[in-house]
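Letters go in sequence order (proteins before strands), and every chain restarts at 1.
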Protein chains: 2
Amino acid sequence: MAAKRRAQMVEETRAKLIQAARKAFATKGYAAASMDDLTAEAGLTRGALYHNFGDKKGLLQAVIGQIDAEMVARMRAAQDQAETRWLGFLAEGVAYIEMALEPEIQRIMLLDGPAVLGDPSLWPNQTACLRATTQTIQTLIDEGTVRPMDAEAAARLINGAALNASLWIAAADDPHAVFAKAVEAFRYLAVGLRQAES
Amino acid sequence: MAAKRRAQMVEETRAKLIQAARKAFATKGYAAASMDDLTAEAGLTRGALYHNFGDKKGLLQAVIGQIDAEMVARMRAAQDQAETRWLGFLAEGVAYIEMALEPEIQRIMLLDGPAVLGDPSLWPNQTACLRATTQTIQTLIDEGTVRPMDAEAAARLINGAALNASLWIAAADDPHAVFAKAVEAFRYLAVGLRQAES
DNA sequence: TAAATTGACATACGCTCCGTATGTTTTTAT
DNA sequence: ATAAAAACATACGGAGCGTATGTCAATTTA
């Protein structure tokens with residue numbers, strides 16, 4: 001039984017560090033988050049951190065990987081409960097906007113992540129979100145709902161539009177009203193992708 | 001004549017610092033750019049920097065203000081030489097994508113800027129680019145080319161799409177091919193904004 | 001024009017923080 | 001049972017930011 005204790009303990013400390021990092025990065029931002037404070041709050045020291053993640057950027061990567069997985073799950077959920085594929089695609093976009101409204105996701109995934117690790121498309125995970133959107137669009141192209149075009153290109157632009165919408169909403173005085181405007185504009189934009197009726 | 005010498009010298013040192021900062025921020029990134037090295041290359045010390053810009057973020061703001069002005073000028077130029085307003089709008093978007101391909105703009109305006117200063121919509125300048133796009137869209141709405149909708153919302157989503165397109169292109173192995181795909185997708189998206197023919 | 005004051009910039013200091021190098025203890029392997 | 005290795009803590013050095021203080025030129029005032 002001691003054979004498993006080892007790996008389990010390691011997994012626990014990694015989880016503790018990631019959780020503490022999520023909190024610190026989200027509230028203070030990556031640059032202002034102190035590794036000493038961070039590890040202390042997890043009941044550890046910087047030694048554990050450097051042993052497990054190499055450096056500060058490594059820790060950020062781990063945090064991003066965790067959040068990314070959660071985002072994909074939520075996008076799938078939104079898509080699955082839509083009636084048609086097209087509506088599922090729209091729901092996916094709206095779900096993305098909603099997620100990007102959360103301060104934690106905004107700060108870590110949208111602001112600090114790209115600044116520290118470079119463009120998300122180069123990340124190890126390849127931002128699973130983007131893959132999900134690309135796959136959805138490809139399916140819509142195959143079934144003739146969307147014009148024949150590069151699915152990844154469409155996914156990237158759509159994601160970018162949704163992303164900026166979120167940043168806008170988050171900074172607004174009246175998020176609710178702005179959210180409505182953004183979703184309306186988003187639907188119009190998406191319509192541009194559709195195949196002209198034959 | 002000595003009355004003007006003073007202000008002129010100040011303006012020169014500010015210009016020197018901003019130029020050195022543009023170079024350093026663009027090549028090393030904001031976080032990795034050392035104020036000591038930066039000012040030394042301008043033939044000055046950190047004293048001048050803190051006196052003129054308050055702190056490191058202040059210097060970044062000044063740099064962003066300068067670049068922003070240049071971007072607006074280029075977008076206007078692209079729009080002015082188009083035949084119709086609608087084509088001018090598309091040209092504006094393409095121009096934005098092209099500009100965002102430049103490493104300096106990408107690093108400073110798109111990555112470090114938002115991460116350090118927060119969302120661009122909260123910047124003092126209010127990113128003049130966005131204003132330009134909003135105004136263009138509003139004109140198109142007024143003349144009936146574009147559906148009645150919130151012009152700023154449309155501008156933000158369009159800008160976001162163009163932005164992500166640029167980041168994608170910049171990270172690609174074959175930028176030229178990807179650029180073509182991105183522009184195609186961009187045009188389709190934009191069509192979604194157009195008024196249905198009556 | 002001479003003295004005083006303000007402004008522009010340089011120098012010096014302390015503080016925080018990151019990364020690494022070196023221990024120390026517990027587990028795994030032989 | 002002893003050697004090796006892993007997990008984590010402790011200790012050290014270096015870099016960088018911001019501030020406080022100093023200095024010199026330029027502008028103002030008398």
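Rounding to whole angstrom units, CG of residue B/D37 and C1' of D/dG14 are separated by 14 Å. Rounded to an integer number of Å, the gap from CG of B/L17 to C1' of C/dA8 is 12 Å. A/L38 has its CG atom 11 Å from the P atom of C/dC17, to the nearest Å. Distance CG (A/L49) to P (C/dT20): 13 Å, rounded to an integer number of Å. One atom, NZ of B/K56, and another, P of D/dG18, lie 8 Å apart when rounded to the nearest Å. Between A/D55 atom CG and C/dT20 atom P the separation is 8 Å, expressed in whole Å. The distance from atom CE of A/M35 to atom P of C/dC18 is 6 Å, rounded to the nearest whole Å. One interatomic measurement links the two molecules: OH of A/Y30 to P of C/dC17, which rounds to 14 Å at whole-angstrom precision.
Without hydrogens or angle criteria, B/N52 side chain to B/A48 main chain gives a donor-acceptor distance under 3.5 Å. At distances below 3.5 Å, not a single donor-acceptor pair connects side-chain atoms of B/D150 with backbone N or O atoms of A/K181. For B/R147 (side chain) and B/G192 (main-chain N/O), a donor-acceptor pair under 3.5 Å exists by modelled atom type.
When distances are taken from the side chain of A/R46 to each of C/dC17, C/dT20, C/dA12, the shortest belongs to C/dT20. Closest contact between the side chain of B/A48 and the listed nucleotides C/dG19, D/dA7, C/dC9 involves C/dC9.
Contact check, A/H51 against D/dA7: a side-chain N or O comes under 4.0 Å of OP1 or OP2. The shortest distance between the side-chain N/O atoms of A/T13 and the OP1/OP2 oxygens of D/dC8 is below 4.0 Å. B/N52 has a side-chain polar atom (N or O) that falls below the 4.0 Å cut-off from OP1 or OP2 of C/dC9.
Counting any heavy atom pair closer than 4.0 Å across all strands shown, B/A32 reaches no nucleic acid atom. Using a 4.0 Å heavy-atom criterion, one finds that A/A31 contacts no nucleic acid atom at all. Among the heavy atoms of the strands lying under 4.0 Å from A/T45 is at least one base atom, whether or not backbone atoms are also near.
Linking Ile, Leu, Val, Met, Phe, Trp and Tyr residues whenever their side-chain heavy atoms come within less than 4.5 Å leaves B/Y96 and B/F186 in two separate clusters.
The structure places CG of A/L90 at 11.0 Å from OG1 of A/T136, a figure rounded to the nearest 0.5 Å.
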